[in-house]
Amino acid sequence: MTPSLVQSVDWLTIAPPTLTAVVALAVLVADLFVPPERKHYLGRAATAGLAAALALLIPLRAGDRATFCLTAQAQAQAHTQSAACSYTADRFTLVVQLLVLGGALLTALLSLDETRAKLPAGEFWFLLLASAAGAALLPASRDLATLVVALEVASLPAFALVGLKRGDRMSGEAALKFFLSSVTATAVTLLGVSFVYAATGTLHLTELAARLDDVPGQLQTLAEAGVALTLVGFAFKTAAVPFHFWVPDTYVGAPLPVAAYLSVVGKAVGFTGLILVTVVAFPSHADIWGPALAVLAALTMTAGNVAALRQVSTRAWSAVRLLAWSSVAQAGYLLVPIAAAAYSSDDQIGATVAYALMYAVVNLGAFAVVALVARSHPGNRLTDYRGLYATSPAAALALAFFLLNLAGLPPGIIGLFAKVTVFSAAVDAGLGWLAVIMGLNVVIGLYYYLRWTALLFRPAPETAPAPETAPAPEAEAPVPVLRRAPASLPVTAAIVLTAAAGAVLSGYPQLALRFAAAGLF
């Protein structure tokens with residue numbers, strides 16, 4: 001009897017991204033029939049869908065499932081003994097899916113008020129859920145075709161989300177800059193993938209790792225070029241220097257919840273893809289990507305911290321710009337363990353995942369407080385936060401906690417431990433020079449994080465109140481008196497959730513750091 005060529009599908013394994021995509025389509029269709037006064041129900045449905053997708057990770061917690069695998073006959077034709085699967089729900093997949101779906105859920109909470117007043121609800125929720133579905137699919141992808149498709153499903157809706165503030169010139173410019181940079185990254189990535197496929201004849205990551213060791217001499221240059229181009233494409237996605245130029249303007253032009261989403265989920269997507277292609281697919285070319293990523297890490301953390309240091313506190317949207325440049329610097333820290341994996345072992349990747357978990361929680365929390373302050377001060381200058389403790393003590397204490405975590409100072413214990421873990425990864429891999437550069441950059445970061453934290457507890461000056469509308473992009477203004485921001489239950493819930501998660505991780509850092517100790521693959 002001829003073996004079947006039809007692949008079986010394990011629906012439970014693919015349930016988290018599948019449910020997210022189904023809810024996205026349901027919201028899009030429902031938007032056609034829901035009257036305007038009931039559009040807020042779409043946001044509730046989207047939030048519930050993301051929560052349900054997170055719950056579906058629980059039955060997969062063993063991390064031992066896979067689907068869309070090659071059949072026995074296909075394996076024989078491919079001359080392989082082990083099953084090559086396109087979708088794998090291992091520990092790495094589940095941790096990253098927890099990060100991206102949790103980040104999307106917190107973004108949804110931040111967006112509930114925005115979609116009632118400023119943004120088109122149906123389009124926003126569909127785009128957010130579609131992007132989250134692609135982000136959840138990407139860590140499970142184990143062949144280059146699925147990886148690229150997931151990357152674009154996560155990225156394409158994000159372009160529209162950035163430009164969703166209709167009639168806003170800055171939003172349109174930000175979306176265009178983001179679109180052009182991402183399209184360039186995709187083109188470079190696809191060219192690299194095509195070169196790798198031409199040299200090896202396979203797209204499965206595990207098969208690539210085996211076949212790249214035995215590429216014929218006449219195809220060796222083609223394979224190396226493919227590896228290099230694929231890495232350049234993912235460097236765009238991670239906002240590594242010199243491919244970071246789109247970040248500050250995109251964050252400023254985008255709605256604040258979208259900027260928060262890009263800073264966490266968008267970054268997680270890029271780093272997940274980078275980990276998969278380097279550690280899983282291209283380990284035999286570690287001599288190419290290891291030194292390249294080490295240099296990129298040093299450049300990225302330095303450029304991000306220096307630019308954040310130079311932010312003028314009275315400039316419009318300086319708070320968002322500082323978080324944008326801070327995210328570039330954090331990307332440099334996240335690159336360090338990946339580069340270290342080229343010199344030691346795959347266990348170093350756990351340090352990147354542990355750091356990403358810490359960064360996701362505290363950065364989303366910081367953006368939540370920024371969104372709260374923006375309700376009364378749409379200019380979002382750093383000086384707008386002067387005296388925040390006097391008017392909103394809980395928000396000020398939460399923001400101080402998030403900033404201290406990003407700086408790596410107590411009581412943000414998880415931030416300190418995450419930085420120590422990344423530093424140890426560099427030292428253990430023999431990258432002493434990179435560890436020194438990281439140490440210097442951490443000191444630079446301390447200055448601007450502590451400067452912002454100090455503003456929260458300084459007395460507010462007695463000057464004219466802040467304008468009710470956002471100023472021109474480059475406008476300078478006197479320091480305003482900080483007024484209490486209007487209450488917002490969803491934004492408050494996001495702040496409470498992130499603060500609670502940060503406190504738990506600080507009290508029990510092993511919850512995140514155990515991934516660094518044990519590795520993920």
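Just so we're clear, the structure is a prediction, and the values are computed from it rather than from any experiment.
- Side-chain atoms of F243 and K237, non-hydrogen and from C-beta on, never get closer than 4.5 Å to each other.
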Next on the checklist: For a side chain to side chain contact (heavy atoms under 4.5 Å, CB included) check, start with the C-alpha distance between Y449 and L404, then their side-chain angles and the critical distance, and finish with the verdict.
Outcome noted: CA-CA 7 Å; Y449 287 129; L404 291 175; over 6 Å; no
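- Pairing each heavy atom of V265 with each of A135, the nearest pair is CG1-CB, 3.8 Å.
- At a cut-off of 3.5 Å, with distance as the only test, a side-chain donor of R65 or T13 sits close to an acceptor on the other residue.
- Here L156 pairs with E152, F159 under the side-chain contact (heavy atoms from CB on, under 4.5 Å) rule; sequence neighbours left out.
- Taking OG1 from T272 and CG from L137, the interatomic distance works out to 11.5 Å, rounded to the nearest 0.5 Å.
- The minimum heavy-atom distance linking S327 with Y359 is given by the pair CB-OH, 3.1 Å.
- In this structure, the side chain of W289 engages the main chain of F282 through a donor-acceptor pair within 3.5 Å.
- For S326 (side chain) and L322 (main-chain N/O), no donor-acceptor pair under 3.5 Å exists by modelled atom type.
- With T300 contributing its side chain and A297 its backbone, the two residues share no donor-acceptor pair below 3.5 Å.
- How far OG of S284 is from CZ of R211: 13.0 Å, rounded to the nearest 0.5 Å.
- Salt bridge absent: R91 and D64 never bring a charged side-chain N and a carboxylate O closer than 4.0 Å.
- Donor-acceptor pairing under 3.5 Å is lacking for the side chains of Y87 and T93.
- The local environment of CG in D287 is crowded, with over 12 non-hydrogen atoms from other residues, nucleotides or ligands closer than 6.0 Å.
- The side-chain heavy atoms of R142 and F68, taken from C-beta on, include no pair separated by under 4.5 Å.
- The OG1 atom of T186 sits 6.0 Å away from atom CG of L151, with the distance rounded to the nearest 0.5 Å.
- Across all their heavy atoms, Y343 and G290 have their closest contact at OH-C, 3.8 Å.
- Residues F92 and I275 are in side-chain contact: their nearest non-hydrogen atoms beyond the backbone lie under 4.5 Å apart.
- Atom CE of M301 and atom CD1 of I437 lie 7.5 Å apart (nearest 0.5 Å).
- Residues V442 and Y333 are in side-chain contact: their nearest non-hydrogen atoms beyond the backbone lie under 4.5 Å apart.
- Annotation: the span from Y355 atom OH to T421 atom OG1 amounts to 10.5 Å, rounded to 0.5 Å.
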Next on the checklist: Could you go through L276 and L147, starting from their C-alpha distance and side-chain angles, then the distance that decides it, and tell me whether this counts as side chain to side chain contact (heavy atoms under 4.5 Å, CB included)?
Outcome noted: CA-CA 9 Å; L276 290 174; L147 189 64; 3.8 Å; yes
Would you list the atom pairs, donor with acceptor, under 3.5 Å between side chains in residues 257-264 and any protein atom, with sequence neighbours excluded?
from : atom 1 : to   : atom 2 : distance (Å)
Y261 : OH     : S131 : OG     : 2.7
Y261 : OH     : A132 : N      : 3.3
S263 : OG     : A260 : O      : 2.8
S263 : OG     : N363 : ND2    : 2.9

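- Heavy atoms only, all atoms of each residue included: G408 and L416 are closest at O-CD1, 3.3 Å.
- Here CD1 of I288 is found 8.0 Å from CG of L231. Values are rounded to the nearest 0.5 Å.
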Item to check | Worked check of side chain to side chain contact (heavy atoms under 4.5 Å, CB included) between T238 and L334 | outcome: CA-CA 10 Å; T238 58; L334 287 164; over 6 Å; no
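- A donor-acceptor contact shorter than 3.5 Å links the side chain of S171 to the backbone of V162.
- With contacts defined as side-chain heavy-atom distances shorter than 4.5 Å, the pair L60/P16 qualifies.
- Looking at T498 and V362, their side chains never come closer than 4.5 Å, going by heavy atoms from C-beta outward.
- In this structure the side chain of D249 reaches within 4.5 angstrom of the side chain of R321, judged on heavy atoms.
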Next on the checklist: Apply side chain to side chain contact (heavy atoms under 4.5 Å, CB included) to residues L309 and W325 and explain how you reach the verdict.
Outcome noted: CA-CA 9 Å; L309 188 65; W325 284 113; over 6 Å; no
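- Put simply, the residue from W246, F236, Y251, F245 that forms a ring pair (Phe, Tyr, Trp, His ring centres under 6.0 Å) with F178 is W246.
- Taking all atoms of both residues into account, the shortest heavy-atom contact from A294 to L434 is O-CD1, 3.7 Å.
- For the pair R61 (side chain) and I58 (backbone), a donor-acceptor distance under 3.5 Å is present.
- Using a 4.5 Å heavy-atom cutoff, the side chains of F271 and L335 are in contact.
- Under the 3.5 Å distance criterion, the side-chain polar atoms of D143 are left unmatched by any main-chain donor or acceptor of L203.
- Counting all heavy atoms, side chain and backbone alike, A198 lies closest to L219 at O-CD1, 4.2 Å.
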